[in-house]
Every structure is written in structure tokens, then in C-alpha cells.
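I have placed the structure first, in the form of C-alpha cells, so that the comments after it can refer back to it.
Whatever order the structure lists ligands and atoms in, that order sets their numbers, starting from 1. This is a predicted model, so every value here is computed, not measured.
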Amino acid sequence: MWAFFPRNSVSIPPAADKKSAYYLSIEFLIGRMFYNNLMELGVLEDVRGLLAEKGVDISAFEEIEDAALGNGGLGRLAACYMDSAAACDLPVYGRGIRYRYGLFKQKFEDGFQEELPDDWQSFGDPWSIRRESESRRIRFADGEVLSVPYDMPIIGKNRVNALRLYQAEGSESAAKISEYLYPADDTEEGKLLRLRQEYFLSASAVGELVEGYVKRHGKDFSRFGELCAIQLNDTHPVLAVAEFLRILTEEYFVPFGRAVGIAQSVFHYTNHTILPEALECWPKKYIEKLLPDIYDILLRLAAKQYRDMKKGGVPKEDCAAMRIVQGKNISMANTAVYMAGKVNGVAAIHTEILKNSLFAPAYRYTPEKFVNVTNGVTQRRWLMLCDPELCRLYDKYIGEGWRDNFSEIGKMRAFAADAEVLGGFAAVKGENKRRLAAYIRGREGIELLPNAIVYAQVKRLHEYKRQLMTAFAILEIYFRLKRGELPDFRPSVFLFGAKSAPSYFRAKGIIKFINEIAKKIDGDPDVRDKLQIVFVCNYDVSYAEKIVAGSDVSLQVSTAGLEASGTGNMKFMMNGAVTCGTMDGANIEIVERAGRENNYIFGAEVEEIARLKEEGYDPNARLAADGEMRRAVQTLTDGTFGDGGRGYFKDLYDSLTVGASWHKPDHYFIMRDLPEYVDRLLEINAEYGAQSFVRKQFINAVSAAYFSSDRSVREYAEKIWNL
Ligand code: 26V
């Protein structure tokens with residue numbers, strides 16, 4: 001493959017006076033690059049043909065390199081942005097960690113998740129170039145490690161960018177730093193390892209960028225912000241700010257206050273979640289122990305922030321909320337907000353929540369800092385690669401211009417009443433569904449119900465995403481089918497795909513519960529021709545490509561206010577699935593563009609959730625009043641399903657009805673939204689098969705232009721990086 005590229009083509013261009021942006025991320029969920037790269041080079045079909053002549057199916061390459069150096073939306077977003085930056089000819093470069101093992105491979109044993117290591121380099125890593133000569137030493141209190149960069153080409157039409165991943169070497173303990181993505185952090189040792197990873201990434205990137213600047217522009221740092229933007233993808237790389245201050249003040253003797261000012265013109269911060277348990281706070285003593293110099297810098301920075309706030313007359317409560325030091329901890333988000341030139345949320349509603357609640361005081365004092373950049377996904381992987389038939393349909397009616405300028409896809413809207421086009425669209429969906437069925441047959445040995453409606457919920461397993469609510473909805477439908485109350489019900493398949501964090505007890509309970517329901521339905525001759533659950537094993541990027549192309553209904557049912565954006569929702573939309581979901585994250589912007597009437601929206605909105613929290617919410621009263629719902633929920637404890645005596649189901653039941661010291665019962669408002677959810681699913685079931693339903697799907701697909709990550713990265717380039 002390397003014959004295609006000069007060996008230095010992925011290096012950072014030496015252009016001395018052009019600004020570049022660096023995207024620092026603890027995750028890059030790039031997935032398989034083989035097909036993608038052939039497509040970007042314009043030779044995918046030729047290679048497919050050549051291999052076929054030799055009797056080789058190109059899908060043989062599905063065995064190799066599916067680099068899962070990320071676990072969900074945040075990491076996949078980073079990968080989409082790399083793709084779009086190259087495609088849009090923007091000088092944007094990724095900086096991350098080259099983990100020896102990616103996100104674990106998932107296995108089911110009797111319906112329980114088990115984790116196996118993901119040895120993603122077992123067939124080698126054909127894409128990366130090791131840049132040994134650019135290695136640098138990274139210092140910790142207990143010794144040094146070597147950071148060796150590996151560059152991976154990101155191929156665009158007129159440009160090849162580099163994704164640079166650092167690998168830790170030098171000793172056995174050094175190599176541990178880049179061994180696993182998300183090492184278990186339920187012990188102090190685990191937490192320290194995670195902190196080491198964050199500093200390793202931060203110091204590798206900042207060391208390189210400052211060195212490069214000094215080589216080209218000397219030690220006058222006044223132009224740094226003019227030439228270099230550093231985007232912090234969530235708080236994991238926030239120590240980069242402290243490392244930057246450390247180098248400028250200690251190695252180049254820049255006065256501290258001046259260094260802070262320069263840093264504020266370089267760094268920007270994207271927030272990806274408002275869940276309190278996911279907002280990083282590092283105990284001071286850990287930072288002090290591992291990184292004493294960085295600790296001093298952070299305390300100096302905190303003291304400066306506090307002085308400035310006092311001088312500015314900021315009232316006590318606001319000071320308390322914004323402070324970098326929070327008791328015994330350092331708040332990484334507060335550090336990021338203080339030091340960032342721009343702070344952004346990832347969907348309109350999410351940015352509003354940042355401004356009005358999470359970071360409300362900071363917004364009041366520095367409103368100009370806050371901007372929204374709604375997420376996007378790359379249509380090259382998520383439409384052109386995974387849905388070539390739909391693309392050919394577009395070519396036929398509007399030409400190929402949309403392939404380079406995705407906003408042209410909107411031209412297809414003119415055909416929304418054209419029976420021939422809708423027929424063609426439905427045929428494509430049917431074919432993709434058959435392909436998906438074949439893929440699942442191959443991977444799971446399961447036969448999907450033929451000609452069924454495919455509803456899909458694929459995403460990380462988390463309580464706020466409410467896979468459990470979908471499980472209850474399916475149970476309600478199951479009991480109604482058993483009683484013969486749904487005579488016209490069309491065969492339906494519910495696809496789940498999700499990995500649970502290895503130590504997330506409740507999430508693992510939800511996986512087991514869904515697998516138990518699947519088994520029960522499968523064993524019930526009364527309903528198994530009508531209803532089916534398939535929980536696919538080891539959901540990953542390659543699986544997602546097939547699922548988004550072959551599904552009819554995209555389930556996006558998070559509790560309103562909690563899904564920052566979602567990006568799976570966009571992938572399904574692009575491939576012509578309707579959204580059945582709540583008014584949350586980017587769902588709101590999806591229905592704004594495709595029409596609420598063309599989707600299936602339900603549930604409490606953000607204001608109602610706030611009101612329920614305020615005025616009191618009683619899930620038990622709701623259960624008592626709704627026999628259907630009660631029946632479904634009680635299966636957790638009435639012996640219908642078993643969890644092998646491991647206590648998972650009782651814990652789930654208690655989380656809904658009793659709560660705990662840290663959460664009130666039904667913290668995610670399942671009992672509020674479940675009845676409406678069941679109604680929406682049945683409404684879809686009743687409408688499916690009519691041309692009006694195909695039309696809804698079609699309108700979604702052709703209204704997806706805004707959700708291209710080409711649009712998103714251009715917005716970053718204009719509003720934040722000033723490229
Ligand atoms: C991390 C953790 C770790 C501790 C346990 C609970 C928990 C919950 C959530 C997270 C997520 C970390 C950040 C993240 O991945 N956010 C996702 O970012 C996507 C890209 O912006 C966005 O589409 C998703 O809505 C958002 O959840």
C-alpha cells in the first residue's frame with residue numbers, strides 16, 4: 001500500500017506561516033481503514049473486481065485491523081473529524097495514544113457479557129509509520145518513559161493528513177501506559193495509571209508542538225496562538241494546558257501571567273457530557289505524587305484564577321462554582337473552561353445546558369467564550385461505503401455532485417412524491433436488510449425474521465440511554481401478542497448492540513435481562529414468528545456499518561437533557577431510518593430538518609424533567625396505576641427470568657422502585673416515558689408497509705446534509721480555530 005504514498009506525505013507540513021489545528025483525544029475509534037482507504041483512493045471497485053477474478057471475496061479483509069482505540073461516540077467523532085478535515089483540505093491533525101489493546105472484544109456466556117483482549121495488531125498494522133527519530137522522553141516523579149510517535153495517513157481527495165498516536169516504551173512498566181484503553185480505575189493503582197495516560201498524551205503532543213514552534217519561529221511565543229490551535233476533546237487531555245505553561249515558564253522563562261495569556265489563545269475545549277459521574281476530578285494528592293511540577297503549576301494557576309475573580313468582584317457562590325481547586329480535587333472541566341479561548345457543546349440543546357446550568361457562572365462572565373458546534377458524521381464511511389446502492393440511486397436523479405458537496409443531497413427532496421424514486425429507495429432498503437441478515441447469520445448463526453421491521457438500538461450500554469426501557473416496551477408488546485390483542489402486528493426484529501464497561505454492574509444486568517427476554521421469545525411458538533430480539537455480540541464500527549444501512553427505525557430514547565448529542569442517530573438518518581426517540585441531543589435538530597411529522601417523538605422534554613425533579617416524581621405510583629407496565633417491570637423479580645443468582649435483576653428492580661443514597665428511584669424517568677414509547681413503537685408497526693412510511697424514511701435520508709462532519713469541522717475551523 002505504501003507505494004501509493006511518499007513516506008513523508010503524512011508528516012506535518014513545514015509551512016511556516018499557516019495555522020494548523022491539533023485535535024487531542026484519548027480515543028480515536030477509527031475502525032477498519034482498508035475499505036475506507038481504497039474508497040478514498042477511488043480504487044475500491046477496481047480492487048473488488050481484480051480480487052474477484054482471482055476467486056477472492058474482498059470481504060476476506062474483514063478479518064483484519066478494526067482498530068477500536070475508543071469506546072463510543074467521543075472516539076468515533078474524533079475519527080469522523082479526521083476524515084472530514086482531510087476531505088475538506090484543512091490542516092487538522094490528530095494526537096492520541098497507540099494502545100496495544102483496543103476496547104475489549106465482547107462475548108456472551110449464557111447471556112452474560114465477558115471481555116476478551118482486543119489484539120488489533122495481530123495481522124500487523126499496515127497503515128502506520130513509526131517515527132522513532134521523533135521520540136521524546138516524558139517525565140514522571142518515578143522515572144521517564146519514551147514516547148514514540150506512529151503516523152497513520154488520513155486520506156482525503158486532495159490531501160493526506162496524519163493521525164499521530166504515541167506509544168510508550170522503555171521498560172515493562174513504561175509500556176503499561178499505552179497498553180489498555182480505559183484501564184479499570186476502581187483501585188488507586190488503576191486511577192494513577194489513567195492519570196499517567198492523560199499526562200503521557202498531553203506531554204507528548206505539547207512537547208512536540210512547542211519544539212516545532214521554536215524551531216520555526218524562535219523563542220518569541222507571541223505568535224503561537226496565531227499559528228497553532230489545540231482542541232481538547234473532553235477533559236482527558238487538559239493536563240496539556242499545564243504542560244504548556246510548565247515548558248514556557250520553566251524552559252523558556254516566560255513570565256507566568258504572560259504564559260497564561262498565550263495558552264488562552266491556543267487551547268479550546270469541547271464538552272461531551274454533563275453526567276456528574278463522568279466529569280473528571282483528580283485528587284490533588286495523585287497529581288502531586290505523580291507529577292510534582294505539574295501540580296505546582298496547577299496550584300499557581302488556581303491561585304491566579306482566584307485572585308482574578310476576587311479582583312473582579314465575583315460573588316462567593318460563583319467563585320466556588322468556577323474554582324479550579326474543588327476541596328481535595330482539581331476540577332478538569334473548570335481548568336478547561338478557565339483556560340480555553342472557546343468552549344463548545346456538541347448539539348444546540350447541550351450547549352444551552354452548558355450555558356444555563358453546568359457552566360452558568362462562567363457563561364455570565366465570559367459569554368463570548370461559549371459556542372455550539374453540532375456534531376456530524378462522515379458521509380464517506382457512513383453512507384458511501386456502507387450504502388453504495390442508495391448512492392447510485394442519488395447519482396441517477398441528481399448526478400454525482402453531492403459526493404463532493406454533500407449539501408446537494410437536499411436536491412433529492414424534490415422527489416419525495418415520486419413513486420418511482422420511493423420504489424427504488426424501498427428496494428435499496430430491502431436489499432440492505434437482506435445483506436444485514438446475511439451478515440448476522442454469519443456472525444451470530446441467527447436467522448432474522450424475514451421481511452420484518454428492523455428497530456435498532458446500538459450504542460454504549462448506559463442507564464441514561466435506557467436500553468432497559470426498550471426491554472420493557474418489548475415485554476409489553478410480547479404480553480399483548482400473547483393475549484391476541486395485536487392481530488395486525490407486523491413481524492418485528494429488535495436489534496441491540498452494546499458493550500458495558502467491565503465494572504458497570506447495572507449495565508451488565510441490563511445485557512443479561514435483554515438476552516433472557518430474547519431467549520424466552522425465541523422459545524415461544526405463539527410469538528416467535530412475529531417478534532424477535534437479537535443482541536449482536538461485539539458491536540463495533542464494522543457491525544455499525546451494516547446495521548445503519550439495513551435498519552428501519554433508529555431508537556434514540558435517552559432521558560431528555562442527558563445525551564449530549566448522539567451521532568448514531570445521524571448515521572441512521574443518513575441511511576433512511578426514521579427516529580423513534582426523545583427530544584434530546586441532536587434528535588431535536590434531526591426532527592427540525594426532517595420534520596417532526598416524519599419521525600416518532602415521545603416523552604418528557606427537558607423542562608418537564610426539571611419540573612418532575614423539582615415537584616417530586618413517583619415511579620411507584622405510576623407503576624401502581626399501569627398494569628401493563630407493572631407486569632413488564634415485575635418480570636425482573638417474579639421468577640420469569642433468572643440471573644443465575646447473581647443479584648443483577650433485583651438490583652435493577654430496586655434502582656427503579658427504591659433508589660439508593662446516590663439516586664432517587666427511577667433516576668432516568670423510565671416510568672414517565674415507557675407508556676408513550678410503546679404507543680410510538682406500535683404506531684410505527686401499523687404504518688409500516690404503506691408508501692407514506694417509505695416517504696418518511698426517504699425524507700430523513702435526504703435531509704441529512706447538515707449532519708455531515710464536513711459541516712462540523714468547517715464550523716470548528718471558522719468559529720474556533722480561525723484557520
Ligand atoms: C463516560 C463515563 C465514564 C464513567 C461512567 C459514566 C460515563 C458516562 C458517560 C461517559 C461519556 C464520556 C463522554 C462521551 O463519550 N460523550 C459522548 O460524546 C459524543 C460525541 O460528542 C456524543 O454524541 C454523546 O452524546 C456523548 O455521550
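Contact detail for A79 and F28: the closest heavy-atom pair is N-CD2, 4.3 Å. Counting all heavy atoms, side chain and backbone alike, L239 lies closest to I294 at CD2-CG2, 4.0 Å.
Close contacts between ligand 1 and A564 involve ligand atoms 25 (O) [criterion: under 4.0 Å to a heavy atom]. Per-residue contacts place D234 under 4.0 angstrom from the following atoms of ligand 1 (heavy atoms of the residue considered): 13 (C). Applying the 4.0 Å criterion to heavy atoms of Y464 picks out, from ligand 1, the atoms 27 (O). Atoms of ligand 1 found under 4.0 Å from any heavy atom of L275, numbered from 1 in the order shown, are 8 (C). Contact atoms of ligand 1 toward G566: 22 (C), 23 (O), 24 (C), 25 (O) (distance under 4.0 Å to a heavy atom of the residue). Short contacts between ligand 1 and H462, defined as distances under 4.0 Å to a heavy atom of the residue, involve ligand atoms 6 (C), 8 (C).
Looking at N375, its side chain never comes within 3.5 Å of a backbone N or O of A586 through a donor-acceptor pair. Formation of a donor-acceptor pair under 3.5 Å by the D118 side chain with backbone atoms of K105 is not found in this model.
The nearest heavy-atom contact from the protein to atom 7 (C) of ligand 1 is A278 CB, 3.7 Å. Regarding atom 16 (N) of ligand 1, its nearest protein heavy-atom neighbour is H272 O, 3.0 Å. Among protein heavy atoms, atom 14 (C) of ligand 1 sits closest to L74 CB, 3.8 Å. For atom 24 (C) of ligand 1, the closest non-hydrogen atom on the protein side is E563 OE1, 3.4 Å. For atom 12 (C) of ligand 1, the nearest protein heavy atom (residue, atom name, distance) is T273 CG2, 4.1 Å. For atom 5 (C) of ligand 1, the closest non-hydrogen atom on the protein side is E277 CG, 4.4 Å.
In V346, the part holding a heavy atom less than 4.0 Å from any atom of ligand 1 is the side chain. Counting heavy atoms closer than 4.0 Å to ligand 1, residue T270 contributes nothing at all.
Across the listed options K465, R460, H236, R460 owns the non-hydrogen atom lying nearest to atom 10 (C) of ligand 1.
A salt bridge does not link E189 to R196: none of the charged side-chain nitrogens sits closer than 4.0 Å to a carboxylate oxygen.
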- Stepwise salt bridge (charged side-chain N to carboxylate O under 4.0 Å, His left out) check, E115 with K508: CA-CA 11 Å; E115 301 94 28; K508 287 191 149 176; 2.7 Å; yes
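For the pair R194 and Y180, the cation-pi test (distance below 6.0 Å, angle within 45°) is failed.
Residue H236 forms a side chain to side chain contact (heavy atoms under 4.5 Å, CB included) with just one option from L201, I97, I26, and that option is I26.
Side-chain contact between H272 and V346: present, with at least one pair of heavy atoms (C-beta onward) separated by less than 4.5 Å.
Ring pair F649/F513 is perpendicular by interplanar angle, where above 60° counts as perpendicular and below 30° as parallel.
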